[in-house]
Amino acid sequence: MRTLITVLLLAFSWAVSAQNITLSGNVTDPDNVPLEAATVYISSAKDSTLINYTITDNKGGWQLKTRAFDAPVYLKVSYVGFTTHRQLIDKITSDTDFGTIQMQDKGTNLNEVVIEGEVPPIRIKKDTLEFDAASFNVREDANVQELLKQLPGVEIDETGKITVNGKEVSQILVNGKPFFDKDGKIALQNLPAEIINKIQVSDTKTKEEEMTGQKSTGNEASINITIDEEKNKGIFGRATVGFGTSGVYEHSMLANYFKGERKISVLASTNNINSTGFSMDEIFDNMSGGRNTSAWSDGKSFNINGMQFGGGQGITRTDIGGAYYADKWAKGFEGAVNYFYTGTDSKNDTESKVTTFVPKETETDADQSYVTESTGKNHQDRYGHYVNTQFEIKADSTFTIYAEPKFQKGHNYTKNEASSSTYRLASGEVLNDNNGVNSSENNTTGFSNTLVATKKFNAKKGRFLSFDLENNNQKGDNYNLNNTITNTYDYAGGTPVVTTENRNQIRRTDTSKDIYHFSVSYGEPVTDSSNVYFQGEVWRETESENRRGYNFNQGTDNYSDYNDALSGYLSAKTNRAKPALGYNFTKSKMYFNIEAGTFFIDYAANGSYLGNGLSAKRNEVIPNVEMYLNYNFTKTRSFSISYDYNFTAPQASQILPVADVLNPLTTIIGNSDLDFVKTHNLWINLYDYNWSEKIGYNIYAGGTYYQNNISTSTLIDENARTTVSYFNVNDTYQYWLGGQYGKTFKREAHSLNASVGMYIESGLNKGRQNEQLFTSLSYSTEPWVGLTYSYGELLTINPRYRIEFNQTDYDNYVISSAKSTIHRLSLATTSRWPKHVVWGNDLTYNYNSQQASFRKSYYLLNTSLGYNFLKDKFTFKVKVYDLLNQNLGASRSLTPTGISEQLNTVLKRYVMFSLSVKLDKFAGKKEEQK
């Protein structure tokens with residue numbers, strides 16, 4: 001590893017001196033006014049290959065660093081609304097100042113038309129950053145995710161999170177529409193890069209902002225992938241079949257038919273290797289770990305349509321199927337429908353050790369802290385059906401209706417056979433033990449819809465009227481089984497006296513939650529650059545939980561004896577209304593929006609328990625403020641800040657004193673004195689990208705300050721049985737701060753990207769144990785560094801290192817602090833030599849300094865060797881997971897009340913043999929072949 005880093009650093013030093021010729025100049029419009037964000041680029045005169053590019057600064061100046069060229073090249077300058085400037089240069093041998101380049105008017109048509117080969121690699125159009133896909137070299141068989149990695153300002157970290165200029169990407173669209181789901185990961189990993197025309201990046205807008213033409217007030221980015229019109233006709237897809245040792249398998253398929261506005265896709269997958277099943281990675285297919293680790297799929301869990309599957313523990317079998325259909329059915333009427341099925345079956349053997357610290361009332365008191373050690377076998381079986389639709393009707397250029405109905409049906413069965421023992425930390429005396437079976441089965445159905453109608457008035461630009469109606473309806477029927485034996489130990493007489501409690505009981509629970517939201521907005525321009533708007537919103541939220549508990553009756557051999565303590569009814573209803581007045585203005589460099597309103601809240605919770613009626617009512621008037629400011633120092637340097645003041649109502653189970661006694665060692669009960677939680681939320685982002693130097697950085701920060709935050713109050717008896725309730729605490733907070741810096745070097749076939757970053761997170765929590773108030777202040781600091789070296793398409797080397805420092809400091813607690821340090825080192829290599837052979841390796845090293853009960857470190861090495869044949873349409877691979885057979889499922893975490901260590905079942909070494917086939921027949925490719 002040390003030798004590799006030395007080689008890469010030498011390559012880094014070489015790259016610094018590689019771009020040794022500087023081209024410069026200025027760009028103006030026909031009236032000699034400097035043009036900011038004009039694209040300046042040079043390309044080969046022979047075949048139009050892009051050599052390098054930049055954009056002009058706020059004074060119209062530009063600098064372009066390149067290497068010497070003996071062959072003719074074109075210098076080109078592009079700006080929307082002007083004719084592209086083209087200048088032939090015989091050769092590049094020395095620094096050259098091209099003086100002032102004056103652009104020529106294209107006429108009144110501002111929708112620029114460019115001929116083949118004249119498309120600039122990048123354009124900045126108002127609020128949109130647009131990349132020309134053909135200008136960025138990727139392999140012929142690369143997917144869209146590989147294309148994104150080549151774009152300046154776009155970062156995809158080792159967890160799969162995508163950021164553009166410091167803003168996290170929250171939605172990815174294809175031709176302006178979701179592809180299966182708005183997260184777009186299926187599109188990124190499965191659509192071939194060769195069919196892509198443009199990658200467009202903008203700030204994420206709400207549907208109302210999008211339809212009324214307002215600027216975004218959000219803190220996230222959106223990516224829209226446009227498909228080349230010539231290649232938007234045809235069939236393409238991929239299928240993989242794989243079998244391996246120890247009975248492992250992976251099979252997946254995605255087929256697409258595109259024709260203009262019509263898009264049809266079918267997806268299916270099954271595997272038992274802890275994978276989502278449709279990552280379609282060129283090197284490792286669906287094998288988890290290494291480069292296939294992502295925020296969307298960490299190899300063990302995944303999120304689809306807002307539902308989390310897998311849970312990140314054990315070994316999971318996954319079955320997935322889906323279909324997607326989008327079309328334009330008539331003029332002004334288009335839509336999309338998709339169906340998704342997800343099913344997982346997970347098994348996990350677990351060991352855990354949880355140390356709970358108990359504060360002392362006085363310094364002389366004995367330490368009452370205790371340790372719980374447990375083992376268990378867990379089985380979870382889940383499936384879900386999802387139907388998502390989107391419809392948009394444009395009656396004319398001013399009136400649009402949008403609807404997004406969604407349906408879902410889910411099932412979740414969990415069974416846990418476990419045994420645990422709790423003992424005093426100081427003396428080792430056993431306080432309790434528990435063993436038996438717990439199981440649960442949940443069935444849920446849901447329907448949600450968003451309906452938005454907007455009208456823009458041509459008589460006055462900026463005048464609009466918008467209506468928004470939303471609903472979300474969820475129902476569930478659940479049952480919980482508890483068949484356990486619990487022993488508690490009393491040492492009052494010296495010799496322990498054992499008390500045994502046998503439980504064999506079930507609880508059936510019916511749940512429902514309904515949310516309705518209606519809003520109307522009216523906007524009126526004040527000047528050409530400012531608007532005021534009025535917004536009225538109303539919400540109605542109801543939730544209910546009906547519990548019915550039964551003990552097992554041996555006479556009837558059934559659960560027929562009604563258990564009052566396990567039963568109860570809870571419900572909560574919240575009606576709120578918010579009138580608000582907003583104002584925004586737009587200048588050439590700045591956009592500012594502020595909205596001020598007032599929440600009028602009527603909250604009522606009702607319930608019954610052990611024959612007693614319960615209620616809690618709140619009537620509140622709470623101010624609401626939302627503010628957003630964006631300032632562009634230049635087209636490439638921007639600062640944004642947002643703030644809002646909001647509230648959260650307590651749940652019915654938190655505010656009603658209905659005891660949950662399903663767990664024999666833990667009782668949970670609400671507190672009728674709870675108040676609403678008020679929050680101050682702040683978000684800041686600063687980014688800059690120097691197109692000439694290929695240097696970019698971003699700094700971001702944010703936080704939440706809580707008033708009346710809801711925390712837990714825990715009473716612990718002499719046998720470590722706990723009773724948990726809730727109470728309000730003031731002056732708690734959490735904040736985060738991060739940033740990254742990156743630079744790209746290129747010389748001929750060599751490319752080196754270097755990046756460093758830092759993430760800091762901290763939070764102040766308050767809680768109560770045995771009536772003693774304590775505070776815990778947690779810190780987490782994560783610096784990281786990464787390098788990516790590429791030699792054309794033949795070799796890629798990507799080392800990354802991250803170290804995580806965690807510390808929690810306690811006040812009025814039995815210990816003063818707890819610490820841990822985690823090291824993560826990874827190395828990914830890919831070789832495509834000799835021809836048709838692809839060899840990939842992923843090595844990761846993890847070390848936890850404070851892992852006391854289990855092994856502190858492990859290596860995970862995955863390797864894959866593939867051979868492409870029959871015109872590279874077929875690929876045969878041999879892949880080995882965990883070649884060193886060291887994979888470990890140990891984890892250690894710090895909590896506000898203690899330390900938790902856990903060991904879970906993980907996949908061990910296996911060998912997988914797979915065969916993949918690609919199909920791509922589209923019009924554009926046929927024409928090229930002719």
Quick one: closest heavy-atom pair of [X] and [Y], and the distance?
{"X": "Lys167", "Y": "Gly218", "result": "NZ-O, 4.1 Å"}
{"X": "Leu787", "Y": "Ala754", "result": "CD2-CB, 3.4 Å"}
{"X": "Arg800", "Y": "Gly786", "result": "CG-CA, 4.1 Å"}
{"X": "Asn868", "Y": "Thr875", "result": "OD1-OG1, 2.6 Å"}
{"X": "Ala37", "Y": "Thr56", "result": "N-OG1, 2.9 Å"}
{"X": "Leu147", "Y": "Leu151", "result": "O-CG, 3.5 Å"}

If the condition is ring pair (Phe, Tyr, Trp, His ring centres under 6.0 Å), which residues does [X] pass it with, not counting sequence neighbours?
{"X": "Phe874", "value": "Phe869"}
{"X": "Phe179", "value": "Tyr324"}
{"X": "Tyr689", "value": "Trp691"}
{"X": "Tyr257", "value": "none"}

Could you list the residues that satisfy side chain to side chain donor-acceptor pair (under 3.5 Å) with [X], not counting sequence neighbours?
{"X": "Asn219", "value": "Ser642"}
{"X": "Glu250", "value": "Asn286, Lys879"}
{"X": "Ser135", "value": "Asp132"}

Polar contact flag, side-chain donor to acceptor under 3.5 angstrom, [X]-[Y]:
{"X": "His750", "Y": "Tyr789", "answer": "yes"}
{"X": "Ser202", "Y": "Asp127", "answer": "no"}
{"X": "His251", "Y": "Asn271", "answer": "no"}
{"X": "Ser222", "Y": "Gln171", "answer": "yes"}
{"X": "Glu208", "Y": "Thr206", "answer": "no"}
{"X": "Ser916", "Y": "Thr240", "answer": "yes"}
{"X": "Thr226", "Y": "Asn175", "answer": "no"}
{"X": "Lys694", "Y": "Asn52", "answer": "yes"}
{"X": "Asn388", "Y": "Tyr386", "answer": "no"}

Are the side chains of [Y] and [X] in contact, using a 4.5 Å heavy-atom criterion?
{"X": "Leu75", "Y": "Val40", "answer": "yes"}
{"X": "Pro152", "Y": "Phe131", "answer": "yes"}
{"X": "Thr84", "Y": "Val77", "answer": "no"}
{"X": "His85", "Y": "Lys76", "answer": "no"}
{"X": "Val452", "Y": "Met211", "answer": "yes"}
{"X": "Thr66", "Y": "Ile42", "answer": "yes"}
{"X": "Pro121", "Y": "Thr39", "answer": "yes"}
{"X": "Trp784", "Y": "Ser755", "answer": "yes"}

For this session: Flag the pair Glu334 and Arg262 as a salt bridge only when some basic side-chain nitrogen lies within less than 4.0 angstrom of an acidic carboxylate oxygen.
Result: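 Answer for the salt bridge query: no.
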Exercise. Does Lys918 come within less than 4.0 Å of Asp872, counting only side-chain N to carboxylate O?
Worked result: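 So Lys918 does not pair with Asp872 through a salt bridge.
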For this session: Report the C-alpha separation of Leu254 and Val266 in whole Å, then their side-chain angles, then the decisive distance to 0.1 Å, and conclude whether the side chain to side chain contact (heavy atoms under 4.5 Å, CB included) test is met.
Result: CA-CA 6 Å; Leu254 176 67; Val266 178; over 6 Å; no
Count the heavy atoms belonging to other residues, nucleotides or ligands that lie under 6.0 Å from [atom1] of [X], then report whether that count exceeds 12.
{"X": "Lys394", "atom1": "NZ", "answer": "no"}
{"X": "Phe69", "atom1": "CZ", "answer": "yes"}
{"X": "Trp329", "atom1": "CH2", "answer": "yes"}

For this session: Assess whether side chain to side chain contact (heavy atoms under 4.5 Å, CB included) is satisfied between Arg238 and Met253, documenting all intermediate values.
Result: CA-CA 6 Å; Arg238 179 177 173 181; Met253 177 276 292; over 6 Å; no
Exercise. Within 45° of the ring axis of Phe745 and under 6.0 Å from its six-membered ring centre, is that where the NZ or CZ of Lys743 lies?
Worked result: yes
Looking at residues at least two apart in the chain, or sitting in another chain, which of them share a side chain to side chain contact (heavy atoms under 4.5 Å, CB included) with [X]?
{"X": "Ser216", "value": "Asp203, Lys205, Glu209"}
{"X": "Glu229", "value": "none"}
{"X": "Asn632", "value": "Asn630, Ser638"}
{"X": "Asp228", "value": "Asn197, Glu230, Lys231"}

Problem set entry | Phe236 and Phe258: CA distance, side-chain angles, deciding distance, ring-ring contact (aromatic ring centres under 6.0 Å, His included) verdict | CA-CA 9 Å; Phe236 61 94; Phe258 285 7; 5.1 Å; yes
For this session: Ignoring hydrogens and angles, tell me if any N or O in the side chain of Ser170 forms a donor-acceptor pair with the backbone of Glu220 under 3.5 Å.
Result: no
For this session: Taking Thr636 for its side chain and Asp688 for its backbone only, find out whether a donor-acceptor pair lies under 3.5 Å.
Result: no
For this session: Applying salt bridge (Lys or Arg N to Asp or Glu O under 4.0 Å), run through Glu261 and Lys177 and close with a yes or a no.
Result: CA-CA 11 Å; Glu261 298 287 345; Lys177 300 182 183 67; 3.8 Å; yes
For this session: Go through Lys259 and Asn232 one step at a time and tell me if the side chain to side chain contact (heavy atoms under 4.5 Å, CB included) criterion holds.
Result: CA-CA 6 Å; Lys259 185 177 181 180; Asn232 199 21; over 6 Å; no
For this session: Assess whether salt bridge (Lys or Arg N to Asp or Glu O under 4.0 Å) is satisfied between Glu130 and Lys125, documenting all intermediate values.
Result: CA-CA 7 Å; Glu130 183 178 272; Lys125 297 180 177 180; 3.6 Å; yes
Problem set entry | salt bridge (charged side-chain N to carboxylate O under 4.0 Å, His left out) pairs, two or more places apart, involving residues 38-57 | none
For this session: Test Val174 against Leu191 for side chain to side chain contact (heavy atoms under 4.5 Å, CB included), laying out the working first.
Result: CA-CA 10 Å; Val174 177; Leu191 295 184; 3.9 Å; yes
Problem set entry | Residues Asn685, Tyr687; criterion side chain to side chain donor-acceptor pair (under 3.5 Å); working and verdict | CA-CA 7 Å; Asn685 184 60; Tyr687 79 85; over 6 Å; no
